[in-house]
K.L.:
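Got a structure for you, written out below as structure tokens; questions coming shortly.
Model, not experiment: these values are computed from the prediction.
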Amino acid sequence: MRRFLTALWAKLINRPLALCDSGDVDGITSAALFLRKYPNGVVVLAAPSEVNKSWWIRWFFWTFVADLPCPGKVLMRADHHRTNKPCAKVEFYDPEAPCSALMAMKALNLENDSVANSLVKVAIETDTASISSEEAEKLDLAVRFASYPEKIFIARSLAVNGLQALSNQRIGKLIERGYRAKKLMLEIANRIPIKDIINIYSPIDLGISYRQLTIELQHRGAKMVNILLRLNRRTFRYYCGADKDSPYDCTRVATRLGGGGHKYASGAQYKSPFFNRVRVLRPS
């Protein structure tokens with residue numbers, strides 16, 4: 001309801017309105033680029049699974065959409081996912097691009113902005129699972145465990161201060177929380193035998209980044225990692241990571257579950273049948 005009211009308020013006072021992915025640095029960076037271009041703009045964050053299911057997201061006409069499936073009524077969209085079909089009036093879409101933020105920078109005509117370029121560099125590192133800089137690691141850890149208001153705060157801080165926002169005290173606390181979760185994730189990874197294909201079912205949320213776990217296990221030698229997390233009695237979250245040089249394709253599973261992404265990194269969130277809550281755990 002809060003997001004709906006935020007979007008409605010933006011429309012009523014004639015502010016530019018953006019819809020960006022809530023799940024990772026790429027989406028938050030795209031939101032920050034939009035706010036850098038339009039300081040009076042309003043950003044709404046959503047998960048990919050919400051876009052096609054939410055009536056109110058499809059109801060609004062969006063100025064800008066990034067790193068998400070197209071909700072239908074959009075002026076400009078920036079994306080790089082093969083599973084997201086274009087529909088905006090103006091598309092900056094390239095499935096070969098390393099991240100959506102790169103396309104967002106082009107769409108928003110910020111290619112000569114040094115702050116925008118530094119943000120995109122970090123987004124490329126995180127979205128390609130090739131984090132090498134301290135800034136990329138810190139921003140990744142902050143975003144992964146942030147609440148919705150905290151993610152909006154991060155996007156606005158990045159828009160104004162660029163990567164210097166990472167020294168903000170509030171964001172610093174999010175980074176510390178992320179490091180604690182990463183430590184737990186590494187302890188879990190140490191207990192998992194490495195083989196070509198790793199399948200994991202977690203009946204409870206352990207408070208770690210499961211996407212981060214897939215990446216860690218791939219770095220240790222796994223060619224494909226599938227994780228199914230039970231969020232509540234009927235809701236499940238699927239994570240998939242695959243080696244880019246392997247024959248495995250994560251989208252083949254994720255799209256059948258109503259999700260999407262890339263061949264090497266995809267996911268989905270879905271509900272099991274009301275009268276058969278364990279059916280999603282069995283092969284079809």
Side-chain angles (χ1 to χ4, degrees), residues 18-37 43 45-49 51 64-70 74 76-86 88 90-144 146 151 154-155 157-159 162-163 165-166 178 209 211-212 214-215 218-219 239-244 249-251 254 259-267:
L19 179 69
C20 299
D21 185 15
S22 62
D24 59 16
V25 169
D26 194 15
I28 302 305
T29 299
S30 297
L33 293 174
F34 172 80
L35 293 171
R36 188 161 181 83
K37 180 70 174 183
V43 167
L45 303 175
S49 59
V51 174
F64 181 72
V65 171
D67 203 31
L68 286 171
C70 202
V74 182
M76 183 185 301
R77 193 180 74 101
D79 191 30
H80 72 139
H81 295 90
R82 290 187 183 277
T83 54
N84 294 344
K85 295 184 179 180
V90 180
E91 286 278 350
F92 284 79
Y93 172 72
D94 182 1
E96 302 302 324
C99 68
S100 292
L102 176 62
M103 305 311 297
M105 182 173 66
K106 294 179 180 180
L108 297 167
N109 196 27
L110 292 172
E111 293 175 279
N112 294 321
D113 185 310
S114 59
V115 169
N117 275 277
S118 65
L119 292 176
V120 169
K121 178 180 179 295
V122 164
I124 291 173
E125 288 186 42
T126 59
D127 221 49
T128 57
S130 56
I131 294 177
S132 59
S133 67
E134 183 180 2
E135 293 87 354
E137 181 179 31
K138 286 183 175 181
L139 185 56
D140 184 60
L141 291 172
V143 168
R144 284 187 186 277
K151 289 177 180 179
I154 292 172
S157 298
L158 292 173
L163 293 176
L166 294 173
S209 167
R211 170 62 183 141
Q212 198 175 48
T214 68
I215 294 170
Q218 287 175 252
H219 285 167
Y239 299 85
C240 178
D243 191 282
K244 291 183 180 180
D249 184 348
C250 285
T251 63
H262 306 283
K263 177 180 178 181
Y264 54 86
S266 293

K.L.:
Measure the CG-CE distance between Asp26 and Met103 for me, rounded to the nearest 0.5 Å.
P.N.:
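Between atom CG of Asp26 and atom CE of Met103 there are 11.5 Å.
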K.L.:
Atom OG of Ser130 and atom CD1 of Ile124: how far apart are they, to the nearest 0.5 Å?
P.N.:
8.5 Å
K.L.:
Do Gln212 and Leu141 touch side chain to side chain, with heavy atoms closer than 4.5 Å?
P.N.:
yes
K.L.:
Backbone N or O of Cys70 within a donor-acceptor pair of the Asn84 side chain at under 3.5 Å?
P.N.:
no
K.L.:
What distance do Glu137 atom CD and Thr126 atom OG1 have between them, rounded to the nearest 0.5 Å?
P.N.:
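It is 12.0 Å, given to the nearest 0.5 Å.
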K.L.:
Rounded to the nearest 0.5 Å, how far does NZ of Lys263 lie from CG of Asp249?
P.N.:
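Answer rounded to 0.5 Å: 6.0 Å.
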K.L.:
Give the C-alpha distance, both sets of side-chain angles, the deciding distance and a yes or no for side-chain contact (heavy atoms from CB on, under 4.5 Å) between Leu68 and Asp79.
P.N.:
CA-CA 7 Å; Leu68 286 171; Asp79 191 30; over 6 Å; no
K.L.:
Do Leu158 and Leu139 come close enough that some side-chain heavy atom pair is under 4.5 Å?
P.N.:
yes
K.L.:
Quick one, Asp113 and Arg36 - any side-chain contact, counting heavy atoms below 4.5 Å?
P.N.:
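Yes. Closest side-chain heavy atoms under 4.5 Å.
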K.L.:
For Tyr93 and Arg77, which heavy atoms make the closest approach, and how far apart are they?
P.N.:
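Reported closest heavy-atom pair: CD1-NH2, 3.8 Å.
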K.L.:
Taking it one step at a time, do Met105 and Lys37 satisfy side-chain contact (heavy atoms from CB on, under 4.5 Å)?
P.N.:
CA-CA 9 Å; Met105 182 173 66; Lys37 180 70 174 183; over 6 Å; no
K.L.:
So which heavy atom on Ile154 is nearest to which on Ala146, and how close?
P.N.:
CD1-CB, 4.2 Å
K.L.:
Compare every heavy atom of Ala31 with every heavy atom of Leu45, then report the nearest pair and how far apart it is.
P.N.:
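In this case the closest contact between Leu45 and Ala31 is CD2-CB, 4.3 Å.
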K.L.:
Return the minimal non-hydrogen interatomic distance between Ser30 and Cys20, and the atom names on each side.
P.N.:
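Where Ser30 meets Cys20 most closely, the heavy atoms are C-SG, 4.2 Å.
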K.L.:
Please report the shortest heavy-atom distance between Thr128 and Pro98, naming the atom on each side.
P.N.:
CG2-O, 3.7 Å
K.L.:
Do Lys121 and Glu135 have side chains that get closer than 4.5 Å, going by heavy atoms?
P.N.:
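No, too far: nothing below the 4.5 Å cut-off.
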K.L.:
Closer than 3.5 angstrom, by distance alone: can the side chain of Thr83 be matched with the main-chain N or O of Gly261 as a donor-acceptor pair?
P.N.:
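Indeed, once roles are kept as given, a pair shorter than 3.5 Å links the two residues.
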K.L.:
List the atom of Pro86, the atom of Glu91, and the distance in Å for their closest heavy-atom pair.
P.N.:
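Between these two residues, the closest heavy atoms are CA-OE2, 3.2 Å.
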K.L.:
For Ile131 and Glu125: C-alpha separation, side-chain torsions, deciding distance, then whether side-chain contact (heavy atoms from CB on, under 4.5 Å) applies.
P.N.:
CA-CA 5 Å; Ile131 294 177; Glu125 288 186 42; 4.3 Å; yes
K.L.:
Calculate, to the nearest 0.5 Å, the distance between atoms CD1 and OH belonging to Ile215 and Tyr239 respectively.
P.N.:
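Nearest 0.5 Å value for the CD1-OH distance: 12.0 Å.
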K.L.:
Only one of Asp67, Asp127, Asp94 clears side-chain hydrogen bond (donor to acceptor under 3.5 Å, both in side chains) with Ser100; which?
P.N.:
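The option that passes is Asp67.
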K.L.:
Roughly how far, to the nearest 0.5 Å, is the NZ atom of Lys106 from the CG atom of Leu102?
P.N.:
4.5 Å
K.L.:
Test side-chain contact (heavy atoms from CB on, under 4.5 Å) on Val43 and Lys151; report intermediate values, then the result.
P.N.:
CA-CA 11 Å; Val43 167; Lys151 289 177 180 179; over 6 Å; no
K.L.:
With heavy-atom distances below 4.5 Å as the criterion, would you say the side chains of Leu19 and Val74 are in contact?
P.N.:
no
K.L.:
Quick one: does His81's side chain get under 4.5 Å of His262's, heavy atoms only?
P.N.:
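Side-chain contact under 4.5 Å: yes.
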